[in-house]
Structure formats: structure tokens, C-alpha cells
Engineer: 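Below are the C-alpha cells for one structure; questions will follow.
Each chain gets a letter, A, B and so on, in the order the sequences are listed, and its residues count up from 1.
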Amino acid sequence: MIRTRFAPSPTGFLHIGGARTALFSWAFARHHGGKFVLRIEDTDVARSTPEAVQAIIDGMNWLGLAHDEGPFYQMQRMDRYKEVLQQMLENGSAYYCYTTPEELEQMREDQRAKGLKPRYDGTWRPEPGKTLPTPPAGVQPVVRFRNLTEGTVAWNDLVKGRIEIANAELDDLVIARADMTPTYNFCVVVDDWDMGITHVIRGDDHVNNTPRQINILKALGADVPLYAHLSMILGDDGQKLSKRHGAVSVMQYDHDGYLPEAVLNYLARLGWSHGDDEVFSMQQFCEWFDLDHITPSAAQFNTEKLNWLNAHYLKQAEDERLARLVQPRLEARGVMVTVEPSLAAIIALYKERVSTLNELADAAEVFYIDLHPAHELVAQHVTAEAKPALADFLAGARTVTWEASAISALIKACIGKHGLKMPKLAMPLRVLLTGQTQTPSVDAVISLFPRDLVLKRLAAGGIE
RNA sequence: GUCCCCAUCGUCUAGAGGCCUAGGACACAACCCUUUCACGGUUGGUACCGGGGUUCGAAUCCCCGUGGGGACGCCA
């Protein structure tokens, strides 16, 4: 049974990189009929918040990435960590270290100055025949893992291929702080072990933790899972995404008018491919997804392509569903949506030409507000030449059958009578009725309005 | 500084020695459609980081450069 996990630390929102990691872990479990576990890594008490936990869950819900087990909270597993810690202390794979943070800081500084890799010097590490220093009074020790000093740790990374690191590169990492709370690398190991995780799919930034985790796993006699390290997602400008640079919550995409299926499809294609396929459902994705076709190199986020995908999914979406998504956006702007004109009907006409829900809201808004077309536009299009034709149109509009084809016939009759070209009448109608010069075909737009509103807006424009 | 990773059009990518005078998608340009603007359709331009090998043959394998990124915490 394949078991994957998504293990965010609740120190902020779920951003696009985390979302992709979650998506791939989820899809991999789905593909193999396995389980997808959600684990909250909240051992950094100072930075973890319940709000962040909720934000992450909200993000995953919006995307529809449902977990099969969890959420498990590491803070609730302290007893288990302490139990394992005790075993390691007893069997000699871990030891107490009395070096203070200040001494460590000094040590690192000296090593850096000499051009060496900063690392713990092993003062308190027990060795056969070695006499350990006397523990200083008043110093609470930390617990360190007694790492291997010779040989290499290697694993066959499912994305990057074989990675091999000399044990000499690894120092004895702290696995429990002075207050005996366990640290990240230790909790992860115990959790992955206890939770039976078979495939660890995570960000590239964890590659360096992997050899340490493998060594601890081995010291524990646990099975080592398979690892797949996903490369990072860069911002639109090629820069690294961070809180202060471009990284935004996936919920921001909701706010900006993107459909979750568009974001999901976009993310799926970022770093993974299936031949020339670009547009596919999550069901299709889960059928196709495997770890074979993941790119090892970093990918730059491209909003243009996301926009294109979103436009595509907008066209596919049901009008009623889109209306339900657009209505609150209009209401948030203080626009009251009424039964007439029908929001779903407006959306049906406009969804072909926009790329976000917010643009759909922009288009729909003019149907509901108290419209005041810009004076320049009115002056430009409602010309002396057009006015007689507009007056005829207004007269005809009182009785014409209220449907696009009849309205179209009326418009044609008006321009025919006055010897005008289509735009000469269509443009002022657009301006007077929507305040815009770019709309779908004018007859279709007019048929969306209740007749009274058209008469009213034309009259307000001085047409009589 | 040390260790690790990465490198095909502007961007996402196909490509696992001959099918590649390098394919698709976004973006871009032109044309068509449309008596508005979009949508849609057609066409087009643009890429294998550099240098050495290996091989009959390399975008694909190896080495060295170069460039980019990551990690070196009692953070996760």
C-alpha cells in the first residue's frame, strides 16, 4: 500500500509551491490507490498558529485535495518522540551535549573564517576509549544524534536520480532541544516511520535533510521510504518566491478570480508532463500521474498561461455555477444583483471573452449599477449624425419583440433609413447602455436588459 | 567558503544515441472570421549554455568549465 503525506508547518498560508507538493503527493496516492496523509508540523511553537493551520486546510479544501488520514499534529505526539529519544539514548545512537549555543556560535564563526563548513566538533560525542569532559554545572544539555562518520549515505531520488553524500559531511545534529522538545528532523523520521509513509514527496530544499533522516531511520531499524524531491517554483520574474517577494496564498487566486480546476491544471503541468497534453481533468491527471515525468529543474511561474487555462475553464463552466461565484464578488463591490437582468444570461454571453471571474464581474456590473457613461465617450459617439437613428431605435424599442434577432432587425432598419454604417449606431448604443465601447454583439447585449432599462438609459442619454 | 542540485524557444515543456533540417502549449506577429472588441481558425519567427571526449552517429552518455539555485540552526 502506497502512503504519501503532506507535512506543512503552520507558519503562514498555503502558497503555490506547497500546493503543488500537496497536489503531487495526493495524485500519487490516488494513482496507486494508496493513502494521502496530512500532518501538521507544529513543533516550532513560537511561529505556529491555529490560524495558519486553518489557512492551509482552507487552501487544500478550495483545491479539493482531500486527505485520507489526519490531520496529525506533532505537538500531540510528544510522548512518542520522547519514548524513541529515550531508546536512542539507551542504545547509544544519541547522546547529551553540553555545548552552549554561544559556544556553538563561536565555533561556527571560527570555522567559517577558516573556509570550513560549519559543524559541531563532537566534544561530547562518546567514542570507545574516549573520556568525556565533566558536564558543566547549570547547563541543560541537548540531545544529539550520533551520526556515522565513515562511508556514504545514498538514495535513489525518484526525481533527481541517485544522490550520494559522504557521512563525513554530516555532523551530529540536535534531535532534542535543551527543554527536551524534539526537533524537526527527528519528528519527521519518527512520524514517517510510525505512519508507514512509503513515498516522501517534498520540496527540493529538503534534499540536505534526507541523508540525516536516512541515518536516523537506519539507527532506529526502520524501513527507509522512497524520496522524491520536487524542485522549486520561481516567481513570474524568475526570482525565488518568498513572503516578501511574490509568494501568495492559493486563496489569493480564488480572490483574484481563478477557478480551482484552472489552478490545479496549471500546477500539474508545472514540472510534470504527459507528452503534449496541456488541458486535462484531475481524474485524468490521477490516472496519468507517476513520478517518472517530473522535471528536476526549477520552474518559473507564468501568469499568462494560468490566465489562458482559466479562460478555458470559464468557457467550459456552467453559467449557473459561474453566477454563484460572481454574485458575491459583485455584492462585495456594493452592487445589488437583481433577478432582471439575469446574471446567468449575462455570464453566458460574456464568459467567452474573459479570463477571470473578476473580469466577468466587471462586465456584469454595468447591468446593475446606476450608469453614468463618460462624457468624452458620449460626445465622441452620440453624434448629431447618430441621434436621429438613435431616436428611431428608441421609438422602435418600445414595441419590438424583445429578442436579439428582432432587435438586430430593428437596428438594421434604423441604419438603413439614415444611410449609416453599423458602427455609427452600434457604438453610441454600447456607450449609452453599458458605458463601454467594447462589448459582445450589440443586439445580444441589448436583449439581456429588461426593455424598460434600455428605454431609461437611452432617455438619460438625451435620446427622445 | 564547503557540500548538494540544476541547465532545450521569452515561459512551461516533449525528447531516455539515429524517428530532430528539435515537437506541443502560453506569449508574440500576420492573415481569416467579426461593419466594435474579444473568442475561434490558419500561418509564422524564436531554443539544445561553452569546450573537450565516447560513438559510424549526441539535445540525449562521460569529463571540465560557466551560469543559476539550495543547504550548512537548540527553524521547519
Engineer: Suppose you measure atom C1' in B:rU42 against the same atom in B:rC33; what distance do you get, rounded to whole Å?
Structural biologist: 11 Å
Engineer: State whether A:Trp288 and A:Arg269 meet the cation-pi test: NZ (Lys) or CZ (Arg) under 6.0 Å from the six-membered ring centroid, and within 45° of the perpendicular axis.
Structural biologist: no
Engineer: Between B:rA7 and B:rC26, how many Å separate the two P atoms, rounded to a whole number?
Structural biologist: 25 Å
Engineer: Select base, sugar-phosphate, or nothing to describe what A:Lys315 touches, counting heavy atoms under 4.0 Å on all strands.
Structural biologist: sugar-phosphate
Engineer: Could you pull out every donor-acceptor pair under 3.5 Å between side chains of residues 102-109 of chain A and any protein atom, sequence neighbours left out?
Structural biologist:
residue, atom, partner, partner atom, Å
A:Glu102, OE1, A:Thr100, OG1, 3.4
A:Glu103, OE1, A:Thr100, N, 2.8
A:Glu103, OE1, A:Thr100, OG1, 3.4

Engineer: How close or far is atom P of B:rC4 from atom CZ of A:Arg162, stated in whole angstroms?
Structural biologist: 13 Å
Engineer: Please determine whether a side-chain nitrogen of the Lys or Arg among A:Arg146 and A:Asp172 lies less than 4.0 Å from a carboxylate oxygen of the Asp or Glu.
Structural biologist: no
Engineer: What residue among A:Tyr313, A:Tyr253, A:Trp308 forms ring-ring contact (aromatic ring centres under 6.0 Å, His included) with A:Tyr258?
Structural biologist: A:Tyr253
Engineer: When the C1' atoms of B:rU13 and B:rA47 are compared, how many Å lie between them, rounded to an integer?
Structural biologist: 12 Å
Engineer: Between B:rC12 atom P and A:Leu267 atom CG, what is the distance in whole Å?
Structural biologist: 14 Å
Engineer: Provide, to the nearest angstrom, the distance between the CG atom belonging to A:Asp236 and the C1' atom belonging to B:rC26.
Structural biologist: 12 Å
Engineer: How many whole angstroms separate atom CG of A:Asn185 from atom C1' of B:rC72?
Structural biologist: 12 Å
Engineer: Measure CG/A:Leu314 against C1'/B:rC39 and give the value in whole Å, please.
Structural biologist: 12 Å
Engineer: With the threshold set at 4.0 Å, does a side-chain nitrogen-carboxylate oxygen contact exist between A:Glu385 and A:Lys387?
Structural biologist: no
Engineer: When rounded to the nearest Å, what value does the distance between C1' atoms of B:rC64 and B:rG57 take?
Structural biologist: 23 Å
Engineer: Base, sugar-phosphate alone, or nothing: which one does A:Val142 contact when heavy atoms must sit under 4.0 Å apart?
Structural biologist: base
Engineer: Would one find more than 12 heavy atoms of other residues, nucleotides or ligands at under 6.0 Å from atom CD of A:Glu318?
Structural biologist: no
Engineer: Parallel, tilted or perpendicular: which fits the ring planes of A:Tyr98 and A:Tyr96, with parallel below 30° and perpendicular above 60°?
Structural biologist: tilted
Engineer: With a non-hydrogen cut-off below 4.0 angstrom, is A:Pro440 in contact with a base, only sugar-phosphate, or nothing?
Structural biologist: base
Engineer: Expressed in angstrom and rounded to an integer, what is the separation of A:Asp44 atom CG from B:rC74 atom C1'?
Structural biologist: 11 Å
Engineer: Check every strand shown and say whether A:Thr43 touches a base, only sugar-phosphate, or nothing at a heavy-atom separation below 4.0 Å.
Structural biologist: sugar-phosphate
Engineer: With sugar-phosphate meaning primed atoms plus P, OP1 and OP2, does A:Ser273 contact a base, only sugar-phosphate, or nothing at under 4.0 Å between heavy atoms?
Structural biologist: sugar-phosphate
Engineer: If I pick the P atom on B:rG70 and the same atom on B:rG24, what distance separates them, to the nearest angstrom?
Structural biologist: 34 Å
Engineer: Please report the distance, rounded to the nearest Å, between CD in A:Glu359 and C1' in B:rC39.
Structural biologist: 13 Å
Engineer: Whole Å only: how far is the CD1 atom of A:Ile294 from the P atom of B:rC12?
Structural biologist: 16 Å
Engineer: Considering only atom P, compute the distance from B:rC12 to B:rC49 and round it to an integer number of Å.
Structural biologist: 14 Å
Engineer: Can you build the contact string for nucleotides 65-71 of chain B? Use B for base contact, S for sugar-phosphate-only contact, and - for no protein heavy atom under 4.0 Å.
Structural biologist: ----SBS
